[in-house]
Each structure stands twice: as structure tokens, then as C-alpha cells.
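First the structure, in the form of C-alpha cells, and then the observations on it.
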Amino acid sequence: MLILGIDTSCDDTGVAVVKQGDIIISNIIASQFSAHERFGGVVPVIAAREHTAKINYILDSALEKAEVSFSDLDAVAVSHHQGLMLSLVVGVSAAKSIALACQIPLIGIHHLEGHIYSNLMGRTDEIHFPFLCLTVAGGHTLLLKVVSHGTYELLGHTRDDAAGEVLDKVARHLHLGFPGGAAIQKLAEKGNPTAYHFPRPLINRRDGEFSFSGLKTAVISAIDRDPNLNVADLCASLQQAIIDLLVSKTMLIAETHDLKQITLAGGVALNQPLRKALQQEVQQRGYQLFTPQTDLCMDNGAMIAGAAFYLYQTRGADPLSIETLANAPLGTTGIRYRPGSKYGKGS
Ligand code: ZN
């Protein structure tokens with residue numbers, strides 16, 4: 001089954017062609033980095049304008065690279081839930097037009113499901129239900145038990161900021177540019193992670209609840225207080241605090257719920273020190289850690305097509321009247337969680 005996957009949920013225009021949910025034939029991602037850089041964050045109206053300008057070209061590029069035409073496609077999948085409303089609409093409109101013109105099924109995917117399935121692509125023989133998924137991105141910090149295709153249980157989430165959001169906000173305060181996570185990781189490589197003693201809120205609580213706003217406030221006040229700030233040390237100390245929080249909560253939840261396979265998803269999954277720290281803890285317990293390939297960590301169309309292949313078999317196709325929602329519950333159990341400010345407050 002050849003599926004065209006489209007993701008325009010935030011600031012990257014992603015289109016991919018994927019065979020049987022596993023084989024990525026093409027995966028084109030157009031970054032809007034330069035359009036948002038001077039604002040220090042994603043500007044929704046600019047994001048939608050950029051998607052609109054690029055979507056046809058990216059669609060053509062994905063098909064051309066895959067050496068297929070619209071008539072070869074068996075289905076079209078699109079992120080229709082969770083993200084910036086104006087951006088989502090661009091991808092959904094394109095997907096509806098393709099489904100109608102080619103008379104193929106339309107499959108709506110929750111953007112987070114794409115991130116979850118980025119780990120499963122090509123690994124369905126290795127990863128078995130139920131497993132634990134830590135999703136860490138600019139707008140999300142979630143611990144989900146993936147029970148079966150499309151069914152999830154929320155085991156942990158942030159009560160305030162997402163981890164990636166803290167990195168972006170601190171980077172903006174330090175004028176390090178956007179996106180902040182990569183800039184902080186680069187500086188952290190040269191810094192001492194024990195130089196600043198930042199708080200690790202809720203780290204001793206025996207549940208999956210995260211809190212990052214106290215950490216963010218402590219880091220920002222340290223920046224404002226210290227005229228001789230060592231930026232590398234500060235970045236290393238902040239990164240270490242976030243890693244400690246993510247790793248300790250993930251291992252606690254994995255042990256409590258006896259989930260021995262752990263997957264990491266989202267943009268922050270690219271952070272090498274986080275991967276290393278998780279891997280160490282996982283190995284000590286005889287558990288397994290799975291991380292997506294690099295080009296599947298950021299937003300992309302391939303993960304949407306991958307999720308669609310499996311979810312189409314359980315949920316079927318969607319009507320052309322499919323809704324587009326900025327904040328939407330997740331999966332068959334309708335999980336509601338609090339997305340970060342990248343996507344606006346709500347649900
Ligand atoms: Zn995402």
C-alpha cells in the first residue's frame with residue numbers, strides 16, 4: 001500500500017511517500033527556519049503563508065523523488081489534529097483535494113500519533129505492545145503507554161511548560177537564535193553541567209507528572225542576576241536538569257507499569273546526551289530503548305504515512321468532511337492533555 005503523508009502542523013512542510021508503513025521512498029521537509037528566526041519563535045500567520053507557498057512544490061518533489069505519480073497512490077494521510085490551526089488547514093486542504101481527485105481514501109492522523117509511530121516504522125517485529133513512549137518536543141512532554149494500534153494510556157505529562165519550550169524560551173532570553181534546543185545542546189558540550197544548581201521540580205514524586213516552569217524561572221533569573229554569566233556552563237546545567245527530570249520520571253513509570261520497551265519521540269529525541277542518559281538507565285535494568293532515525297524526529301510526512309498504514313487497518317478511512325482541530329484528544333480513549341504554548345493553551 002503506497003501512502004502519501006502530509007504534515008503542516010507547525011513550521012515545517014513535510015510530504016513523504018511510504019510503502020507498507022515501513023519503506024520510506026521519499027521524505028521531503030521544507031524548513032521555515034529563516035522565516036521565523038528573527039522573531040525568536042514560530043509566528044502562526046507566517047507559518048501558514050509559507051506552507052501555502054510551498055505545498056505544491058513539496059508535493060511534486062516528494063512524488064518525483066519517489067518516482068511515482070498521483071495515480072500510483074493508494075491513500076493520502078494528513079495531520080489534521082494538533083498544531084497551529086492555519087498551518088494544519090493548508091495540509092488538510094491539499095490532502096482532501098488529492099483524495100477527491102484521485103478517488104483514494106483520506107486518512108486523518110493526530111500529529112502526536114505520527115511521532116509515536118516514527119519508532120514503529122520498520123520495527124514492528126522488535127517493538128511489541130504495550131510499550132512506553134516518551135514524547136518530548138517544543139509543544140509536548142508526555143509519557144504514554146501504547147496499548148495497541150491507536151489506543152494509548154496517559155501515564156505522565158507536564159502540568160505547565162513542555163521541556164522543549166523551556167529550551168526555546170531560555171535560548172530566546174540568551175539571544176541564541178531559534179530553534180533553541182540545538183543551540184543550547186551545542187553550547188552545553190563546552191560547559192560544566194554541575195556549575196549551576198537548578199531545581200528539578202517534582203523529581204521525587206512517585207508519579208509521571210512533570211513541571212518545568214520553576215526550572216525555567218530559575219534559569220532566567222540566573223541569567224538576569226549574573227553580569228559575568230558563563231553561558232556554556234548555564235546551558236550544560238539546564239540541559240542536565242531537564243535530562244535528570246525526563247530520565248528519572250520515565251524509568252519510574254516504566255518500572256511501575258512493568259513496561260520494558262521504551263521509545264523516545266519528538267524533536268528533543270535528537271538530543272544526544274538525553275539518548276545516552278536514557279540508554280544507560282535502560283541497559284542497567286535490562287530494558288530496551290528505541291529512538292527514531294534522525295529525519296523522523298522532527299515533524300515530517302513519513303511518520304504520518306507510517307501511522308496511517310497501521311491505523312487505516314483498524315479505523316478505516318475518513319470522510320472528506322474531516323475536521324481540523326488545533327487541540328484534539330488522542331486515540332480511541334480520547335486522551336486529553338495540555339499542549340505547550342507552541343500550539344496555544346487548551347484541552
Ligand atoms: Zn511534532
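Contact of the V18 side chain with the I304 side chain is not registered, since no non-hydrogen atoms from C-beta on lie closer than 4.5 Å. Within the 4.5 Å cutoff, the side chain of T13 has no heavy atoms near those of the E50 side chain. Counting only heavy atoms from C-beta outward, the side chains of L88 and L84 never approach each other to under 4.5 Å. Two residues are said to be in side-chain contact when any heavy atoms from C-beta on lie closer than 4.5 Å; Q103 and L100 meet this criterion. Within the 4.5 Å cutoff, no side-chain heavy atoms of L202 are placed close to those of L245.
Checking side-chain atoms of D233 against main-chain N and O of A195 turns up no donor-acceptor pair under 3.5 Å. The main-chain N or O of A182 is never found under 3.5 Å from a side-chain atom of Q185 such that the two would form a donor-acceptor pair. In this structure a side-chain-to-backbone donor-acceptor pair under 3.5 Å is missing from T151 to V147. For the pair S87 (side chain) and C10 (backbone), a donor-acceptor distance under 3.5 Å is present. Without hydrogens or angle criteria, T135 side chain to A265 main chain gives no donor-acceptor distance under 3.5 Å. With hydrogens and angles disregarded, a donor-acceptor distance shorter than 3.5 Å links the side chain of K96 to the backbone of L320. A donor-acceptor pair is defined here as one N or O able to donate and one able to accept, closer than 3.5 Å; no such pair exists between the side chain of H157 and the backbone of L154. K249 places a side-chain N or O within donor-acceptor distance of the main-chain N or O of R205, the cut-off being under 3.5 Å. Using modelled atom types, one side-chain atom of N300 and one backbone atom of A302 make a donor-acceptor pair closer than 3.5 Å.
Residues H110 and Y152 keep their aromatic ring centres 6.0 Å or farther apart.
A side chain to side chain contact (heavy atoms under 4.5 Å, CB included) with I262 is found for exactly one of Q288, R285, M251, namely M251. Here the options are L278, V247, L155, the test is side chain to side chain contact (heavy atoms under 4.5 Å, CB included), and the partner is L134; only L278 passes. Each of L234, I220, L187 was checked for a side chain to side chain contact (heavy atoms under 4.5 Å, CB included) with L174, and the lone residue meeting it is L234.
Under the 3.5 Å distance criterion, with hydrogens and angles disregarded, a donor-acceptor pair is assigned to the side chains of H111 and D7. For the residue pair N327 / Q82, a side-chain donor-acceptor distance below 3.5 Å is found, with atom types taken as modelled. Donor-acceptor pairing under 3.5 Å is recorded for the side chains of D299 and H115.
The neighbour count for F70 CZ, taken as heavy atoms of other residues, nucleotides or ligands under 6.0 Å away, is above 12. Taking a 6.0 Å sphere around CD of Q313, one finds it holds more than 12 heavy atoms contributed by other residues, nucleotides or ligands. By the 6.0 Å contact criterion, CD on E323 is open, its count of non-hydrogen atoms from other residues, nucleotides or ligands being 12 or less. Within 6.0 Å of the NZ atom in K54, the count of heavy atoms belonging to other residues, nucleotides or ligands exceeds 12.
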(request) May I have the step-by-step check of side chain to side chain contact (heavy atoms under 4.5 Å, CB included) for N228 and D226, ending in yes or no? (result) CA-CA 5 Å; N228 303 311; D226 188 354; 3.8 Å; yes

(message) Under the criterion side chain to side chain contact (heavy atoms under 4.5 Å, CB included), I'd like the reasoning laid out for L167 against L238: C-alpha separation, chi angles, the key distance, then a yes or no.
(response) CA-CA 8 Å; L167 295 172; L238 164 62; 4.1 Å; yes

(message) As a quick check of understanding, evaluate side chain to side chain donor-acceptor pair (under 3.5 Å) for D161 and S213, giving each step before the final call.
(response) CA-CA 6 Å; D161 293 327; S213 69; 5.0 Å; no

(request) Could you walk me through whether L330 and L144 pass side chain to side chain contact (heavy atoms under 4.5 Å, CB included), step by step? (result) CA-CA 11 Å; L330 175 69; L144 291 164; 3.8 Å; yes

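Taking both residues in full, the closest heavy atoms of A66 and S26 are given as CB-OG, 3.7 Å, listed atom of the first, atom of the second, then distance. Looking at every heavy atom in both residues, A163 comes nearest to T141 through N-OG1, 2.8 Å.
Here Y287 pairs with nothing under the ring-ring contact (aromatic ring centres under 6.0 Å, His included) rule; sequence neighbours left out. Every residue two or more places apart in sequence or in another chain that forms a side chain to side chain donor-acceptor pair (under 3.5 Å) with D22 is listed here: Y310. Residues satisfying the ring-ring contact (aromatic ring centres under 6.0 Å, His included) criterion with F210, sequence neighbours excluded, are F212.
Note: L120 CG to C133 SG = 8.5 Å, rounded to the nearest 0.5 Å.
Salt-bridge check for R275 with E281: failed, with every basic side-chain N at 4.0 Å or more from each acidic carboxylate O. Using a 4.0 Å cut-off between charged nitrogen and carboxylate oxygen, D258 and K260 count as a salt-bridge pair.
Between H149 and Y117, the angle of the ring planes stays under 30°, which puts this pair in the parallel group of the 30/60° scheme.
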